[in-house]
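Note sheet for the following structure.
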Amino acid sequence: MRKWLLAAAAIAVFAAPGTVLAQNPIIIKFSHVVANDTPKGKGALKFKELAEKYTNGKVKVEVYPNSSLFKDKEEIEALQLGSVQMLAPSTAKFAPLGAKEFEALDLPWLFKDDATYDKAMKGPVGKWLFQKLESKGISGLAYWDNGFHMVSANRPLINPADFQGIKMRISGSKIADRYFRDVGAIPQIMAFSEVYQALQTGVVDGCENTPSNYLTQKFHEVQKHITVSYHAHLQYAVIVNSKFWNGLPPEIRKELDKAMAEATDYTNSIAQKENADALEAIKASGKTTLHYLTPEQKLAWQKAMQPTYTWAKGRVGQEVLDLLAKELDIKMN
Ligand code: LMR
């Protein structure tokens, strides 16, 4: 009996978490913080559908949306510990991992449009950034798009001075912290699952996010004014626990890579329309007032937030800024 127990313990130790051969089916827990009815939510379900189909059921993907398994920071820790196998956090949340370079993607008005963003991430900078995760036991598989941020509060945010003294929820990026400070706001990091209540009770005054997140989390119902500023981009990195992923049988990995490539194309192809539709639904709800910046107002925001670019060098380093400048064909200080 004792011998048997020792043998079982040894198997448990040596089998976790790299060896997945014995598991039947192989389970991939995919945790994320947004609703199913968003680009990321739909992307995760598409990956599940394709992964299970291509592996003939040898792999089962369990998708946990809406922070139902873990909140923002906890899910990254859980991935490193192997309690979940796959995530798609916004790249703004990678600093606790020591991968601050990802925050360069949060620079205000960095990407002209979704196509420019998409092209940039398919270039060398996307791969370079993923290399930053390797020493953390994490592998990057793909970048998923969720369009551009709007900004909101219970007062109209039209001119930079309108931000003076208001508490803004941010998701984690020090770059966002900086550009909100540039306009006089007081940024505060908070988990996504806590934002609605914080807005409702006045723990924070405002926030930034994309239309699909506003709509599905009902932020627009507790914010009187939204500015469709599209001042920064929201992107996700689909990441896996490297030990788990590298321990998969090669023939399974091949099918999962195919499923991920297709799920990525699908997610990125719907992101723009999903957000445009969400914005229409927010408008139609009549629960908030939407504001659009004139070219002069936009210029005033850009000027006010410009110091973030100079500051960013010390935070994310020159290398990633140079890579982005080259990719986007822009001058960055
Ligand atoms: C946020 O925390 O605002 C976003 O990262 C949520 C998400 O994943 O879209």
Side-chain angles (χ1 to χ4, degrees), residues 30-45 47 63-79 84 86-97 99 102-103 105-106 108 114 117 121 140 142-153 167-177 179-180 185 187-200 203-220 222-223 226 229-239 264 267-268 270-272 274-275 278-279 282:
F30 188 162
S31 163
H32 68 80
V33 301
V34 298
N36 276 329
D37 196 14
T38 57
K40 174 161 66 181
K42 290 186 176 181
L45 291 174
F47 173 70
V63 178
Y64 298 91
N66 262 324
S67 314
S68 50
L69 207 52
F70 297 107
K71 289 188 201 175
D72 302 18
K73 231 173 85 189
E74 294 144 24
E75 68 175 10
I76 297 191
E77 286 161 12
L79 185 77
V84 281
M86 186 175 281
L87 307 173
S90 77
T91 55
K93 293 178 185 168
F94 284 178
L97 275 174
F102 279 90
E103 291 180 358
L105 305 174
D106 304 322
D114 272 303
Y117 153 79
M121 296 320 286
Y143 290 99
W144 286 3
D145 188 6
N146 190 12
F148 290 88
H149 284 298
M150 315 193 289
V151 69
S152 64
K167 283 178 274 166
M168 297 295 287
R169 180 268 172 177
I170 57 167
S171 69
S173 171
K174 278 276 183 281
I175 296 288
D177 178 281
Y179 62 66
F180 278 129
Q188 192 176 320
I189 295 175
M190 185 182 286
F192 187 63
S193 58
E194 290 161 15
V195 180
Y196 175 86
Q197 209 187 353
L199 291 170
Q200 193 186 34
V203 169
V204 289
D205 303 304
C207 67
E208 62 173 357
N209 232 304
T210 59
S212 57
N213 277 343
Y214 267 88
L215 181 69
T216 51
Q217 301 299 322
K218 300 188 167 52
F219 295 162
H220 65 296
V222 285
Q223 294 278 266
I226 299 179
S229 50
Y230 291 154
H231 59 279
H233 194 267
L234 177 56
Q235 57 283 322
Y236 308 117
V238 183
I239 53 177
T264 297
T267 310
N268 292 340
I270 63 164
Q272 226 173 326
E274 288 283 319
N275 279 299
L279 186 59
I282 291 170

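For reference, positions follow the sequence shown, starting with 1. Quantities reported herein were computed from a predicted structural model and do not represent experimental measurements. Indexing begins at 1, ligand by ligand and atom by atom, following the structure's order.
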Please check this pair: side chain of D177 against backbone of P187, looking for a donor-acceptor N/O pair closer than 3.5 Å.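 It does not hold such a pair.
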
Of all the atoms in ligand 1, which lie at a distance below 4.0 Å from a heavy atom belonging to [X]?
| X | value |
| --- | --- |
| N213 | 6 (C), 7 (C), 9 (O) |
| V34 | 6 (C), 7 (C), 8 (O), 9 (O) |
| L234 | 9 (O) |
| S171 | 1 (C), 2 (O), 3 (O) |
| S90 | 5 (O) |

Compute whether any side-chain donor of one residue and acceptor of the other, for [X] and [Y], lie under 3.5 angstrom apart.
| X | Y | answer |
| --- | --- | --- |
| T91 | Q235 | yes |
| D145 | Y117 | no |
| S212 | N146 | yes |

**Message:** Would you say that Y236 contacts Y143 through its side chain, given a criterion of any heavy-atom pair below 4.5 Å between the two side chains?
**Reply:**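 No, too far: nothing below the 4.5 Å cut-off.
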
**Prompt:** Below 4.5 Å, heavy atoms only, C-beta onward: do N275 and P39 meet side chain to side chain?
**Reply:** yes

Which residue and non-hydrogen atom of the protein lie closest to [atom], and at what distance in Å?
| atom | answer |
| --- | --- |
| atom 5 (O) of ligand 1 | K93 NZ, 3.0 Å |
| atom 6 (C) of ligand 1 | F192 CD1, 3.6 Å |
| atom 9 (O) of ligand 1 | Y236 OH, 2.4 Å |

Which bit of [X] is near ligand 1, meaning a heavy atom under 4.0 Å away: side chain, backbone, both or neither?
| X | answer |
| --- | --- |
| V195 | neither |
| R169 | side chain |
| T210 | neither |
| K40 | side chain |

Salt bridge or not between E208 and R169? Use side-chain N to carboxylate O under 4.0 Å. no

Practice item. Evaluate ring pair (Phe, Tyr, Trp, His ring centres under 6.0 Å) for Y179 paired with H231, printing each intermediate quantity in order. Key: CA-CA 10 Å; Y179 62 66; H231 59 279; 5.5 Å; yes

Taking distance alone, with N or O pairs closer than 3.5 Å, would you say E208 contacts ligand 1?
no

Q.
Run the ring pair (Phe, Tyr, Trp, His ring centres under 6.0 Å) test on H233 and F148 for me, step by step, so that the C-alpha distance in whole Å, both residues' side-chain angles and the decisive distance to 0.1 Å come before the verdict.
A. CA-CA 4 Å; H233 194 267; F148 290 88; 4.7 Å; yes

